[in-house]
2 protein chains.
Amino acid sequence: MSTTTRGRADRRPSITDVAKRAGVSVGTVSNVLNRPDQVSDSTRDRVLVAIEELQFVRNASARQLRAGTIQTVGAIVLDIANPFFTEVARGVEDRLAADEYTLMLSSSDEDPEREARYLRLFEEHGVQGVMVTPSAGSLDNLLALRDRGIDVVLLDTTSPVDDISSVAVDDVRGGALAIEHLVSLGHTRIAFINGPLTIKQCIDRREGVLAALAGAGLDPAAALVEITIGSLNAEGGEDGINRLLEADGDRPTAVFCVNDLTALGALRALRAHGVAIPDEMAVVGYDDVVFASMLTVPLTSVRQPTHQLGWTAADLLLRQRSEGATFQHQRIQFQPELVVRGSSDPSA
Amino acid sequence: MSTTTRGRADRRPSITDVAKRAGVSVGTVSNVLNRPDQVSDSTRDRVLVAIEELQFVRNASARQLRAGTIQTVGAIVLDIANPFFTEVARGVEDRLAADEYTLMLSSSDEDPEREARYLRLFEEHGVQGVMVTPSAGSLDNLLALRDRGIDVVLLDTTSPVDDISSVAVDDVRGGALAIEHLVSLGHTRIAFINGPLTIKQCIDRREGVLAALAGAGLDPAAALVEITIGSLNAEGGEDGINRLLEADGDRPTAVFCVNDLTALGALRALRAHGVAIPDEMAVVGYDDVVFASMLTVPLTSVRQPTHQLGWTAADLLLRQRSEGATFQHQRIQFQPELVVRGSSDPSA
DNA sequence: TACAGTGCGTGAATCGTTTCAACGTCGAAT
DNA sequence: ATTCGACGTTGAAACGATTCACGCACTGTA
């Protein structure tokens with residue numbers, strides 16, 4: 001008994017099954033699939049009928065094994081739930097689509113181990129390149145990857161080495177913008193809710209913070225309260241504020257949060273504690289995500305060109321691939337922009 | 001000349017290269033990789049050294065080709081930039097991790113063609129199952145997939161057929177909750193900014209809307225202004241409000257948006273037009289995403305158990321796989337919950 | 001001394017696709 | 001009548017890992 005529909009238990013049909021059914025060789029089936037114009041009409045039709053009848057679907061593993069490579073690149077971002085990164089990813093996809101590449105997207109959740117695991121997974125699958133927002137200080141993994149022939153572009157962080165390209169936004173400047181703004185409003189004691197200093201963005205924004213304080217003639221020891229949180233999201237922000245308000249000593253009059261999700265949590269915690277914004281506590285975030293302007297107290301934030309960031313990183317990666325040895329590694333850096341709103345400036 | 005580091009141009013080392021270098025057979029290398037205890041210490045060490053020296057990385061395609069299957073399932077959601085779906089995905093991942101499955105996540109962007117493309121991609125890669133939030137009315141693709149031995153679970157939509165499981169939230173009830181609330185506040189002319197009726201959630205919430213109106217003795221023809229937008233995001237919401245305000249006739253006093261992203265855009269547009277919320281226009285959203293409570297005007301919304309939704313869908317898929325033919329398909333449905341805030345009720 | 005048992009290691013077959021040299025056929029050109 | 005190229009098709013090799021029946025060497029026992 002044989003019917004055109006298969007039961008679940010059957011193994012999925014291969015090109016050989018199709019060839020048998022159509023009465024041709026496997027090479028011909030492959031030609032129908034890949035070079036249809038080199039096959040006569042009648043043969044092609046017979047093969048297509050067989051494909052339809054058997055519900056044949058190509059086996060990607062076999063194709064890749066033979067081809068040795070796939071038109072795919074991987075990307076690892078810090079937090080896929082952060083709108084900043086989804087916007088960046090959209091930019092990446094848009095550039096990749098133009099060259100018919102596909103994207104494997106993962107989130108390291110700021111965990112270097114997860115990052116390493118995904119890198120290995122990508123490599124085992126034979127991606128041509130990766131875009132990474134590193135979650136750890138060390139680039140060893142990435143350098144090794146590059147040495148094994150997989151192109152690497154750093155995403156949203158400036159490359160510390162000459163032979164790996166990067167696309168970033170000037171985080172030092174961004175951090176400084178936030179603090180300069182707060183200082184100009186008269187704040188002289190400012191909290192900085194920051195992530196772990198293994199993350200480059202956190203290091204850089206902090207450097208900008210310190211530079212801006214120094215530029216204003218303020219002593220960080222007195223003017224700055226640093227709070228380090230575990231993850232750069234709303235929970236982290238709430239945690240940061242709770243610790244800030246519990247602490248002894250002079251309470252700061254302003255807080256700069258390392259990103260908008262963190263600021264969102266901070267705002268929530270501040271409200272829960274009945275702290276008036278911006279009168280008792282000014283708040284500045286970072287990223288200017290889609291909802292920043294729509295909050296109870298519209299959030300002052302540092303805006304970054306997200307889509308362009310992702311697009312450019314993908315562009316660099318693809319060009320690096322196509323240009324080969326002649327490619328010049330580069331560090332592209334965009335400039336951030338401060339958007340002042342009510343969470344810091346009542347008159348805004 | 002031979003060194004331990006390879007130039008970029010070299011082909012990546014295979015298990016055969018490792019075997020040669022270690023002076024053993026390929027079978028032994030495979031044993032070291034997969035059954036290390038069946039190999040003598042000295043041989044194992046030699047192989048491990050060779051692996052290290054050559055920087056050998058397994059070829060996933062070859063493994064899969066031989067194994068025939070991978071511990072992977074795919075998921076396709078409507079919009080990966082929507083916090084609702086990232087929370088659902090997190091739930092999926094958490095359940096999959098327990099069984100050491102990995103997730104391939106994609107966004108159809110509500111485009112049936114994209115959805116079909118990803119389904120095919122998943123199938124070619126040999127995933128064991130897929131979770132899908134369908135973007136089109138037809139389930140033909142999914143039924144065919146199921147017939148080819150790939151398990152299917154519908155995500156965030158109730159299955160219309162008996163032989164495909166689904167995990168959903170009662171969208172009819174959710175839509176009704178929103179309207180009952182608005183009616184109880186005295187609104188008798190209500191706008192409904194909804195997505196295309198190819199999307200099940202849109203159909204169901206609309207059905208709830210109509211049921212609630214009927215239940216309140218209101219004639220939809222007079223009480224309801226329906227506006228259909230192209231995509232369920234902030235841009236769609238802005239567009240919806242712009243069209244609503246431009247329209248002739250009685251302006252509604254309330255608007256129900258099909259989700260919170262849409263509501264966010266609606267709020268933005270309303271503010272731009274200087275419409276007071278909730279006095280001139282009450283607003284209700286859907287999903288209760290993380291920032292809903294933190295908006296300028298805190299958003300009344302219909303809350304859903306996101307994490308649980310994803311977790312349960314993955315659980316159903318894995319159980320379906322392990323239980324085989326004895327598995328009973330089921331339609332799991334959670335109940336939504338209305339969260340009243342200032343965007344609809346000034347006293348909230 | 002022979003034999004069974006055990007522990008390690010071997011090497012060929014296998015998965016499904018792509019590629020390519022080679023082949024047969026036919027019509028056109030010489 | 002022969003040669004030639006074009007066209008369509010074939011069939012085997014190759015990709016890299018896994019598996020498994022088998023072989024070899026050694027130990028302990030009869």
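Chain identifiers are assigned alphabetically (A, B, ...) following the order of the sequence lines, protein sequences preceding nucleic acid strands; residue numbering begins at 1 within each chain.
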Query raised in the report: Do the ring planes of A:Tyr118 and A:Phe122 sit parallel (below 30°), tilted (30 to 60°) or perpendicular (above 60°)?
Result: tilted

Query raised in the report: Okay, side chain of A:Arg321, backbone of A:Gln128: is any donor-acceptor separation there less than 3.5 Å?
Result: yes

Report summary line: side-chain hydrogen bond (donor to acceptor under 3.5 Å, both in side chains) with A:Ser135: of A:Glu113, A:Arg114, A:Glu115, A:Glu110, only one passes, and it is A:Glu115

Requested in this report: Go through A:Phe327 and A:Ser165 one step at a time and tell me if the side chain to side chain contact (heavy atoms under 4.5 Å, CB included) criterion holds.
Outcome: CA-CA 10 Å; A:Phe327 180 79; A:Ser165 295; 3.5 Å; yes

Requested in this report: Say whether, by atom type as modelled, one donor and one acceptor occur between the side chain of B:Arg44 and the main chain of B:Val32 under 3.5 angstrom.
Outcome: no

**Report entry** Nucleotide range of DNA chain C lying under 4.0 Å from chain B heavy atoms
**Finding:** C:dC8 to C:dG16

**Report entry** Donor-acceptor under 3.5 Å (B:Arg58 side chain, A:Glu124 main chain)
**Finding:** no

Query raised in the report: Rounded to the nearest 0.5 Å, how far apart are CD1 of B:Ile76 and CE of B:Met104?
Result: 9.5 Å

Requested in this report: Please confirm whether the backbone N or O of B:Gln308 pairs with a side-chain atom of B:Arg95, one donor and one acceptor, at under 3.5 Å?
Outcome: no

Report task. Would you check if the side chain of A:Asp109 reaches a backbone N or O of A:Asp111 as a donor-acceptor pair within less than 3.5 Å? Result -> no

Requested in this report: Take the C1' atoms of the five end pairs on each side of the helix from C:dT1-D:dA30 to C:dT30-D:dA1, derive the two axes, and give their angle rounded to 10 degrees.
Outcome: 70°

Query raised in the report: Considering residues, nucleotides and ligands other than B:Glu52, do more than 12 of their heavy atoms fall under 6.0 Å from its CD?
Result: no

Query raised in the report: Could you write nucleotides 16-28 of chain D as a row of B, S and -, 5' to 3', where a protein heavy atom under 4.0 Å of any base atom gives B, of only sugar-phosphate atoms gives S, and otherwise -?
Result: BBBB---------

